[in-house]
Amino acid sequence: MTSEKSGADILVEALTDLGVEVVFGYPGGAVLPIYDAIFKQGKIRHILVRQEGGAAHAAEGYARSTGKPGVVLVTSGPGATNVVTGLADALMDSIPIVVITGQVPTQLIGTDAFQEADTVGITRHCTKHNYLVQDPARLGAIVHEAFHIATSGRPGPVVIDLPKDVQIASARYEKPTAPLQHKTYRPQTKADAAQIAEAVAMLAAAERPILYTGGGIINAGPAASEALRELQALTGAPVTSTLMGLGAYPATGDAWLGMLGMHGTYEANMAMNQADLILCLGARFDDRVTGRLDAFSPLSKKVHVDIDRSSINKNVRVDLGIVADVGSAITDMITAWKACGHRAADTAEWQSRIAGWRARKSLSFPASDHEIMPQQAVKRLYELTRHLDPVITTEVGQHQMWAAQHFGFDAPNRWLTSGGLGTMGYGLPASIGAQVAYPGRLVIGISGDASVMMNIQEMSTATQYRLPIKIFILNNQYMGMVRQWQELIYASRYSESYSEALPDFVKLAEAYGWTGMRIEQPGDLDDGIAAMLAAEGPVMVDCRVAQLANCFPMIPSGAAHTEMILHAEEVIGEASDEAKALV
Amino acid sequence: MQMTEQAAERHTLSIVVDNEAGILARIAGMFTARGYNISSLTVADITEDHAVSRITIVTYGPPAVIDQIIAQLDRLIPVHRVTDLTDLGPHVERELALVKVAGTGDHRIEALRLAEVYRARVVDSTIASFVFEVTGNPEKIDKFCELMREVGLVEVARTGIAALSRGREAA
Ligand SMILES: Cc1ncc(C[n+]2csc(CCOP(=O)(O)OP(=O)(O)O)c2C)c(N)n1
Ligand SMILES: [Mg+2]
């Protein structure tokens, strides 16, 4: 018989049993018993953030860089509402995080008690699942179940709302011995063999195949990326990826087409448009990828592998939908391909068309010798750090797209970005999460002058834990992506998109105990990057870049892949109302 | 291949769920969040220990949307299973309505006669009013209410639709 323990102790013990090493959190009245339990133990490390929103993104960064779930602990009311953006972000990008929120005591729920918020109500539709724990005897099982749900199937955020009286009440807890079998939740991970055979036959018969890969491959673990490379080698098919899937197939690989979609390469989008077979692996045909739906890849048969059945046929109807863990499905396809004795088809003609599209050099940008081109800054950052195998985070905006276009990733879990929700303020805390996971690795946050302000307070967290993150701001003194849209669609009426009254980032860095640097001239770029790498501890680089540079190529919202704008000269000044209505 | 324009269809979905707090909000909220329609929703627990509920939802939309609704329901954690009874073919749908009618003289007599035709029972009466209880498929109830409008309909309460597949197997 195990003895009874307080709910707070049960929580900490269950987290320990689940292998949790780090919790990102912020204390408050409704979680004091848990903080006391944390104080009294020595296994779980608590990282104190400066705002709960930072904790959620840090947990996401930790999760995305390690493949392990990120854990967050916050108080009731404002603590819980501050993590909502991070929950929505993790839901969109399928990031496993478990967020424990304090709640007012059970008997006060519903009375508008001090710091009461309806956390399960508020988070119901921005979590994969959530719980209000009412019985301390159920707490241990709920914690284990929450981790199971967050990490299995299509991963996502789970909230456990824990009233204060449940934290104090005592109950028994025993570590579960058998793997958890949920009553109703049994995600299908193994693909149907007949469907795999059909997919392989389609792949073997294709003359113009393309592998369209996404974040699901990253979620499926490093083995899935390995399998993808093998499948590519067997079939000879070119590979493109969504923003979330970068690194699954190496950017240095011959078959790499670059990212597809709104700011994807010409060759990736043209190949999607002209393919006769699209094999979609762990991506979800999102609007940023497809462009105008009725013009999306009109000639192709489509096979879609996804662990979430609701992703299949949601935006684009496919010819074959396979519900499975994408890593497992790719492995099955490799086995089936070999068993059938298939050989890579002769795709010489397809390859030569692709070579023609590549020759357009859609990622080229105008050079300048008097101002730093932001694309050039990312390129040099890549070239000067690639031997260090860095983890890269971004905020949201032009700099994010330039990073996706010009920084090459050869392995998964190196690229942390907010894709689905597009959350400014993600990058700095995500860098912290990744650096906590890998204290010895180089973590660089490619940042924007506006985005970085959204969670700027987390600089203090990095200082406290001596996390040597490098925040490299592509400072164009604009909300560049907003300004770009205003230039292209609203005849350059730059309404509220100028970054007025920016802080002196160098002084700001110093105020937080960081090293601050400024790079202003193209000729100083390499030395500046070298100095950033040489400096110990956290560094903030204020890299002054061309203010009015635009991110191309670009498929305007609602346009087809073939209607890509490659260069600034092709730009229209004012769009129709219909175009303005598109996001 | 694009989503071709398809005509809206009416589908009756039977959803067996764990009877946990917030389950109804989870399901109804999913419909509103994604812009799906609900024309009827009923819920009650169906096991001795009250642990499992059946939610019956009548919705309408093009086939692709119905498929998506089912997939979205299916991935909610407390959902045991979702059955599209319309897809399954023949099934039984029943609804109960309470219909209050006020009037005297000919109207009152006519109301009673019609009630008999529709096998409605009188569950409350005063000198000048009746409350009828009528069960049947929704069209029958629609029709009954329509007729009652002519003879002094005051108000109606309807339960929404409960439905089961035909035959001996559980759907
Ligand atoms: C929280 C949030 N608010 C607003 C937006 C809309 N938005 C997208 S990009 C952007 C500008 C970002 O500016 P900056 O960080 O300087 O990056 P740049 O585009 O200049 O590289 C804005 C406001 C957003 N994505 N997230
Ligand atoms: Mg900017």
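Within 6.0 Å of CD in A/Q107 there are more than 12 heavy atoms belonging to other residues, nucleotides or ligands. By the 6.0 Å contact criterion, NZ on B/K140 is enclosed, its count of non-hydrogen atoms from other residues, nucleotides or ligands being greater than 12. For B/D106, the CG atom is loosely surrounded, since the number of other residues' heavy atoms within 6.0 Å does not exceed 12. Other residues, nucleotides and ligands contribute at most 12 non-hydrogen atoms within 6.0 Å of the CZ atom of B/R113. Counted within 6.0 Å of CD on B/E116, heavy atoms from surrounding residues, nucleotides or ligands total 12 or fewer; the atom is thus considered open.
Taking every heavy atom of both residues into account, A/I149 and B/I77 meet most closely at CD1-CG2, 3.6 Å. Across every non-hydrogen atom of A/R124 and B/A25, the tightest pair is NH1-CB, 3.0 Å.
Put simply, the side chain of B/P78 reaches to within 4.5 Å of the side chain of A/H129, judged on heavy atoms. Using a 4.5 Å heavy-atom threshold, the side chains of B/D67 and A/R317 count as touching.
With a 4.5 angstrom heavy-atom cutoff, B/A21 does not touch chain A via any of its atoms. Using a 4.5 Å cut-off between heavy atoms, A/K128 touches chain B through backbone and side chain atoms alike. Only the side chain of A/D308 comes within less than 4.5 Å of a heavy atom in chain B; its backbone stays farther off. A/R154 touches chain B through its side chain: at least one heavy atom from C-beta onward sits under 4.5 Å away, while N, CA, C and O do not. With a threshold of 4.5 angstrom between heavy atoms, A/L132 does not approach chain B through any atom at all. Interface remark: B/L73 contributes no atoms to any contact with chain A (heavy atom separation under 4.5 Å).
Across B/Q72, B/E20, B/R75, the residue that shares the most heavy-atom pairs under 4.5 angstrom with chain A is B/R75. Interface check for chain B: of the options A/T290, A/L299, A/N130, the most heavy-atom pairs under 4.5 Å are formed by A/N130.
Between A/S310 atom OG and B/L76 atom CG the span is 9.5 Å, to the nearest 0.5 Å.
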- [ ] Walk me through it: do A/R309 and B/I70 pass the test side chain to side chain contact (heavy atoms under 4.5 Å, CB included)?
- [x] CA-CA 10 Å; A/R309 172 157 84 99; B/I70 293 168; 3.8 Å; yes
